[in-house]
*Asks:* 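Let me begin by handing over the structure; questions about it come next.
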Amino acid sequence: MPLDNILGQCYVLHHDLIFDMDMWVSLGAEFFYYRYRFGRVSPVSWDEREPLEESAGFGCESCAYVLQTRLAEAVAFAEETQTQKLRAFDIFAGAGAMSLGMEKATGCLNTTHAVEISPSAAQTFMYACKYHLEWTCA
């Protein structure tokens, strides 16, 4: 298969190796699991399926556990940062576009301090913080 046809990385584990199925399926379209196989490409009936063992895949139990543990930690971190945002210090603030962009893109940052040497840019930054509700400047 040409590399140009590959869209991205995906994760595939045996159903029995997934310890939190709700989390696994909520992570996105690149997270799959397998349980069965069919003897032919176009099966006629679901009854043609054959169970697959955990060892039939490409991963191992310890690798699957490590992957899921890290994913669970990332999900927990993302949930925590929605309730308690990380504070950011913008040392070259300009008019504040980078601070606003980072706050919007991550959803977990709050610019609490900024430094800008240009008076007009600093004034624009302060105006944006004061009058634009989508910007949370503390």
*Asks:* Please report whether the ring centroid of Y34 lies less than 6.0 Å from that of H14.
*Replies:*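 Yes: the rings meet the under 6.0 Å criterion.
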*Asks:* Any donor-acceptor pair under 3.5 Å linking the side chain of Q68 with the backbone of L17?
*Replies:*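 Such a contact is found between Q68 side chain and L17 backbone.
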*Asks:* Under the side-chain contact (heavy atoms from CB on, under 4.5 Å) rule, collect the residues that match up with A93, sequence neighbours excluded.
*Replies:* D90, A114, E116, F125
*Asks:* For Y36, what are the other residues in its hydrophobic cluster, where any two members join if their side-chain heavy atoms are less than 4.5 angstrom apart?
*Replies:* F38, W46
*Asks:* Answer yes or no: does atom CE of M98 have more than 12 heavy-atom neighbours from other residues, nucleotides or ligands under 6.0 Å?
*Replies:*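 Atom CE in M98 is not crowded, with 12 or fewer foreign heavy atoms closer than 6.0 Å.
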*Asks:* With clusters defined by side-chain heavy atoms of hydrophobic residues (ILVMFWY) lying less than 4.5 Å apart, directly or transitively, does I18 cluster with V75?
*Replies:* yes
*Asks:* Would you list the pairs meeting salt bridge (charged side-chain N to carboxylate O under 4.0 Å, His left out) in which at least one residue belongs to residues 5-25, sequence neighbours left out?
*Replies:* none
*Asks:* side-chain hydrogen bond (donor to acceptor under 3.5 Å, both in side chains) with E79: which residues, sequence neighbours excluded?
*Replies:*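 Here no residue qualifies.
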*Asks:* Between R87 and T112, what is the shortest heavy-atom contact and its length?
*Replies:*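 Heavy atoms of R87 and T112 come nearest at CG-CG2, 3.6 Å.
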*Asks:* Using links of under 4.5 Å between side-chain heavy atoms of ILVMFWY residues, direct or through other members, which residues join Y65 in one cluster?
*Replies:*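 Direct or chained contacts put Y65 with F19.
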*Asks:* Any salt bridge (charged side-chain N to carboxylate O under 4.0 Å, His left out) pairs touching residues 26-40, not counting sequence neighbours?
*Replies:*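 Pairs touching residues 26-40 that pass the test: R37-E50, R40-E48.
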*Asks:* Could you work out, with side-chain contact (heavy atoms from CB on, under 4.5 Å) as the rule, every residue matching V25, not counting sequence neighbours?
*Replies:* M21, Y33
*Asks:* side-chain hydrogen bond (donor to acceptor under 3.5 Å, both in side chains) with S120: which residues, sequence neighbours excluded?
*Replies:*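 Partners of S120 by the side-chain hydrogen bond (donor to acceptor under 3.5 Å, both in side chains) criterion, ordered by chain and then number, come out as S118.
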*Asks:* Identify, with sequence neighbours excluded, every residue that meets ring-ring contact (aromatic ring centres under 6.0 Å, His included) alongside Y11.
*Replies:* F31
*Asks:* Give every residue pair that meets the ring-ring contact (aromatic ring centres under 6.0 Å, His included) criterion with at least one member in residues 71-104, sequence neighbours excluded.
*Replies:*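 For residues 71-104, and leaving out neighbouring residues, there are no ring-ring contact (aromatic ring centres under 6.0 Å, His included) pairs at all.
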